Number of protein chains: 2
Amino acid sequence: MARSNNQETRTVLRHWQEDVPDDRLAHLVRDAGRVLTKTLQTKLADHSVSFGHWSFLRILWVTEGLTQRELSEQAGLMEPTTYTALKAMEANGLIERRQLNGNRKNIHIYLTQKGRDLKQTLIPLAEAVNESAVRGVDEDDLLATRRTLLAIISNLAEANE
Amino acid sequence: MARSNNQETRTVLRHWQEDVPDDRLAHLVRDAGRVLTKTLQTKLADHSVSFGHWSFLRILWVTEGLTQRELSEQAGLMEPTTYTALKAMEANGLIERRQLNGNRKNIHIYLTQKGRDLKQTLIPLAEAVNESAVRGVDEDDLLATRRTLLAIISNLAEANE
DNA sequence: TGAAAATACTTAGATATAAAAGTATTTCGC
DNA sequence: GCGAAATACTTTTATATCTAAGTATTTTCA
């Protein structure tokens, strides 16, 4: 898999260096996102964690006890996606799904010790990917990139009204 | 769909404005890519073109007659993905799959007139999404963003060796 | 307080994508 | 020119994601 992964990254890179007209920032953003995801995915796989599960772990390491609905919203995924992922994560022993008090509608999600412990292992992996990705990039460029990407998300939130 | 799309975009935006630690550029890149894709996807759907098909049309508008393998590489997708997408595009009357000369192994892809004509309709849609996405963003920030994203793709190509 | 509305989860079905394995064809080196 | 290697497409199977619809529960308000 490392080979085909790298193969793909190279091809995407060559494409951008040689072929691309100057007006396709969207395409560039998507490609960068894709290689970032692939790279992290490969590292997470060594610990039997899929990228989808990582998304929820990240949130739960900050706040446990959220409902499935709340997790969906924070992750930016639809509820069936969340439902399936959480079921799988429960089966993998990463989380527990609990009903609290008398409420039979809401299901609250808690980490198991195993899920909690993974934080120490996985966060450094993600940080390493980030560091390696931006190696050599000017600090001002990074700040400008953050501004631009936030503006894109914000502009499209309005444009989609 | 517009509503849930917008709902999601807003939630992602709030998340970034309120919650995010300063060291997760990767996550920001992915989220921006996601809202860009969603926005374009919605507009393409009005013309019965899926985002996957758009990816191949874009390439074919520049160069017809590529093989499936070559298309996979340019699009940065695996061959089964390409195979399925092209079969569907053929069924939709967007492309033709032809064998040339005596070669029975390679399949070359050509646009139909319908596929060719869509260029005039769809390219402006994509450009409009790009424009609306970067509205109000400083020109220097845009250049810096391009540099950063290219560096990310390039760095990860090396890191994945 | 009881019916309507809103909420939260679940199920069903569809699409996009990939990995792995299979088949057919072409190319290359002896 | 023949057999091994490489190539190119196809099939199978699996995962992630979504939309739409369904079910159960809670909340609201007349």
Side-chain angles (χ1 to χ4, degrees), chain A residues 1-9 12 30-31 33-35 37-38 40-42 44-45 48-56 66-73 75-92 97-109, chain B residues 1-9 30-31 33-35 37-38 40-42 44-45 48-56 65-73 75-92 97-109:
Chain A
M1 170 148 114
R3 185 163 58 230
S4 99
N5 198 339
N6 182 46
Q7 158 79 36
E8 175 180 339
T9 312
V12 169
R30 281 190 287 262
D31 275 0
R34 192 160 55 176
V35 295
T37 300
K38 285 255 157 105
L40 180 55
Q41 207 165 42
T42 303
L44 292 174
S48 305
V49 172
S50 74
F51 186 78
H53 296 183
W54 156 260
S55 308
F56 293 108
L66 296 171
T67 63
Q68 294 193 172
R69 168 76 45 115
E70 289 166 337
L71 274 169
S72 295
E73 288 175 0
L77 297 171
M78 294 295 103
E79 284 179 77
T81 306
T82 305
Y83 175 78
T84 311
L86 292 176
K87 279 292 212 181
M89 289 171 77
E90 184 178 41
N92 291 353
R97 304 163 74 244
R98 293 193 209 142
Q99 299 202 311
L100 296 187
N101 314 319
N103 193 312
R104 287 189 290 172
K105 194 161 63 157
N106 298 22
I107 293 185
H108 299 264
I109 311 296
Chain B
M1 169 146 115
R3 186 164 57 229
S4 99
N5 198 338
N6 182 46
Q7 158 80 32
E8 174 179 339
T9 312
R30 281 190 287 260
D31 275 359
R34 192 160 55 174
V35 296
T37 300
K38 287 253 158 106
L40 180 56
Q41 208 165 40
T42 302
L44 291 175
S48 305
V49 172
S50 73
F51 186 78
H53 296 182
W54 156 261
S55 308
F56 292 108
L66 296 171
T67 63
Q68 295 192 171
R69 168 76 46 113
E70 290 165 337
L71 274 168
S72 294
E73 287 174 1
L77 298 171
M78 294 297 102
E79 283 180 77
T81 306
T82 304
Y83 174 77
T84 311
L86 292 176
K87 278 292 211 182
M89 290 171 76
E90 184 178 42
N92 292 353
R97 303 163 75 246
R98 292 193 211 143
Q99 300 203 310
L100 296 187
N101 314 319
N103 192 315
R104 285 189 291 172
K105 194 161 63 155
N106 298 22
I107 294 185
H108 299 263
I109 311 296

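Below, all heavy atoms of this structure are taken into account, side chains as well, without hydrogens, waters or symmetry copies. Protein chains get the first letters and strands the later ones, always in sequence-line order, with residue 1 at the start of each. What you see is a predicted model; the values in this text were computed from it and never measured.
Partners of A:Arg69 under the side-chain hydrogen bond (donor to acceptor under 3.5 Å, both in side chains) rule, at least two apart in sequence or in another chain, are A:Glu79. Partners of B:Thr37 by side chain to side chain contact (heavy atoms under 4.5 Å, CB included), not counting sequence neighbours, listed by chain and number: A:Arg30, B:Phe51. The side chain to side chain contact (heavy atoms under 4.5 Å, CB included) test applied to B:Lys87 returns B:Tyr83, B:Glu90, B:Arg97, not counting sequence neighbours. Remark: B:Thr81 engages B:Leu77, B:Met78 in a side chain to side chain contact (heavy atoms under 4.5 Å, CB included) (not counting sequence neighbours). Checked against side-chain hydrogen bond (donor to acceptor under 3.5 Å, both in side chains), A:Gln99 has no partners two or more places apart in sequence or in another chain. For B:Arg98, the salt bridge (Lys or Arg N to Asp or Glu O under 4.0 Å) test picks out B:Glu96, with sequence neighbours left out.
A:Glu70 places its CD atom 13 Å from the P atom of C:dT7, with the value rounded to the nearest Å. Between the CG atom of B:Asn101 and the P atom of C:dT25 there is a distance of 16 Å, given to the nearest Å. Atom CG of A:Leu44 and atom P of D:dT15 are 17 Å apart (whole Å). The separation between A:Tyr83 atom OH and C:dT7 atom P is 22 Å, rounded to whole Å. Between the CG atom of A:Leu100 and the C1' atom of C:dA8 there is a distance of 14 Å, given to the nearest Å. The CD1-P distance, from A:Ile107 to C:dT11, rounds to 10 Å in whole Å. When rounded to the nearest whole Å, the span between CD of A:Gln41 and P of D:dT15 equals 13 Å. Rounded to whole angstrom, the span from the CG atom of A:Asn92 across to the C1' atom of D:dT15 amounts to 13 Å.
Nearest approach of B:Val49 to B:His53, heavy atoms of both residues: CG1-CB, 4.1 Å. Of all non-hydrogen atoms in B:Leu44 and B:Trp54, the two that sit nearest each other are CD1-CB, 3.5 Å.
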Atom pairs under 3.5 Å, N or O on each side, protein against nucleotides 24-28 of chain D: can you list them with distances?
unit_1, atom_1, unit_2, atom_2, d
D:dT25, O2, A:Lys105, NZ, 3.3
D:dT26, OP1, A:Arg104, N, 2.8

Show the distances under 3.5 angstrom between N or O atoms of the protein and N or O atoms of nucleotides 15-17 of chain C.
unit_1, atom_1, unit_2, atom_2, d
C:dA16, OP1, B:Ser50, OG, 3.1

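Closest approach to the A:Glu79 side chain among C:dT11, D:dC9, C:dC9 is made by C:dC9 (side chain taken as heavy atoms from C-beta onward).
Of the side-chain N and O atoms in B:Gln68, one or more sit less than 4.0 angstrom from OP1 or OP2 of D:dT10.
We find the NE2-CG distance between B:His108 and B:Asn101 to be 7.5 Å, quoted to the nearest 0.5 Å.
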